[in-house]
Amino acid sequence: MRLLLNGQIEDYSDRRLKTNIRKVGKLANGLFVYLFNYIWGGPAELGVMSDEVRVIMPHAVGTRNGFDVVNYSEVLA
């Protein structure tokens, strides 16, 4: 579920919201990329895990409705 806030692309990246998690790659900044499904269903998606992003770039992690979101504009810059 992507959110557009103040021109920034944010997406829920909290492990608690994901299932069928499989590591499929690595970004140049060292973050791993995963293929997963959200617990509410839908197609498989690619993304990062907020707990890993928090270690490398804590400023790119926020919270919405009690779950972590990641600012993908920052992660992919």
Side-chain angles (χ1 to χ4, degrees):
M1 171 185 235
R2 285 177 183 74
L3 310 165
L4 183 60
L5 300 168
N6 300 320
Q8 303 296 314
I9 299 169
E10 293 186 347
D11 206 352
Y12 283 104
S13 294
D14 197 307
R15 284 183 195 270
R16 296 174 294 167
L17 298 175
K18 299 175 179 181
T19 187
N20 302 323
I21 300 168
R22 297 175 302 280
K23 192 182 299 182
V24 295
K26 191 173 186 179
L27 298 174
N29 60 17
L31 290 169
F32 289 107
V33 177
Y34 297 88
L35 186 66
F36 61 89
N37 296 93
Y38 282 109
I39 58 174
W40 51 79
E45 300 203 28
L46 285 171
V48 296
M49 298 293 161
S50 60
D51 56 311
E52 295 177 2
V53 175
R54 186 175 280 112
V55 172
I56 295 174
M57 47 181 60
H59 62 279
V61 180
T63 304
R64 301 282 180 268
N65 301 316
F67 294 99
D68 288 345
V69 293
V70 165
N71 181 334
Y72 274 85
S73 301
E74 291 285 330
V75 169
L76 300 174

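- For the atom pair CG (Asn29) and CE (Met57), the distance works out to 4.5 Å, reported to the nearest 0.5 Å.
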* To do: Show your reasoning for whether side chain to side chain contact (heavy atoms under 4.5 Å, CB included) applies to Ser50 and Phe67.
  => CA-CA 10 Å; Ser50 60; Phe67 294 99; over 6 Å; no
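- Under a cutoff of 6.0 Å and an axis angle of 45°, Arg15 and Phe36 do not form a cation-pi pair.
- In terms of heavy atoms, Ala60 sits closest to Val75 at CB-CG2, 4.3 Å.
- Note that the CG atom of Leu46 and the CG atom of Asp11 stand 11.0 Å from one another [nearest 0.5 Å].
- Put simply, the side chain of Asp68 never gets that close to the backbone of Asp14: no donor and acceptor are under 3.5 Å apart.
- Among the candidates Glu52, Lys18, Arg54, the single residue satisfying the side chain to side chain contact (heavy atoms under 4.5 Å, CB included) test with Ser13 is Lys18.
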* To do: Please lay out, stage by stage, how Val61 and Asp51 fare under the test side chain to side chain contact (heavy atoms under 4.5 Å, CB included).
  => CA-CA 9 Å; Val61 180; Asp51 56 311; over 6 Å; no
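- Under a 3.5 Å cut-off, the side chain of Tyr12 and the backbone N or O of Tyr38 do not form any donor-acceptor pair.
- A distance of 7.0 Å separates OG1 of Thr19 from CG of Asn37, quoted to the nearest 0.5 Å.
- The CG atom of Leu35 lies 8.5 Å from the CG atom of Asn20; values are rounded to the nearest 0.5 Å.
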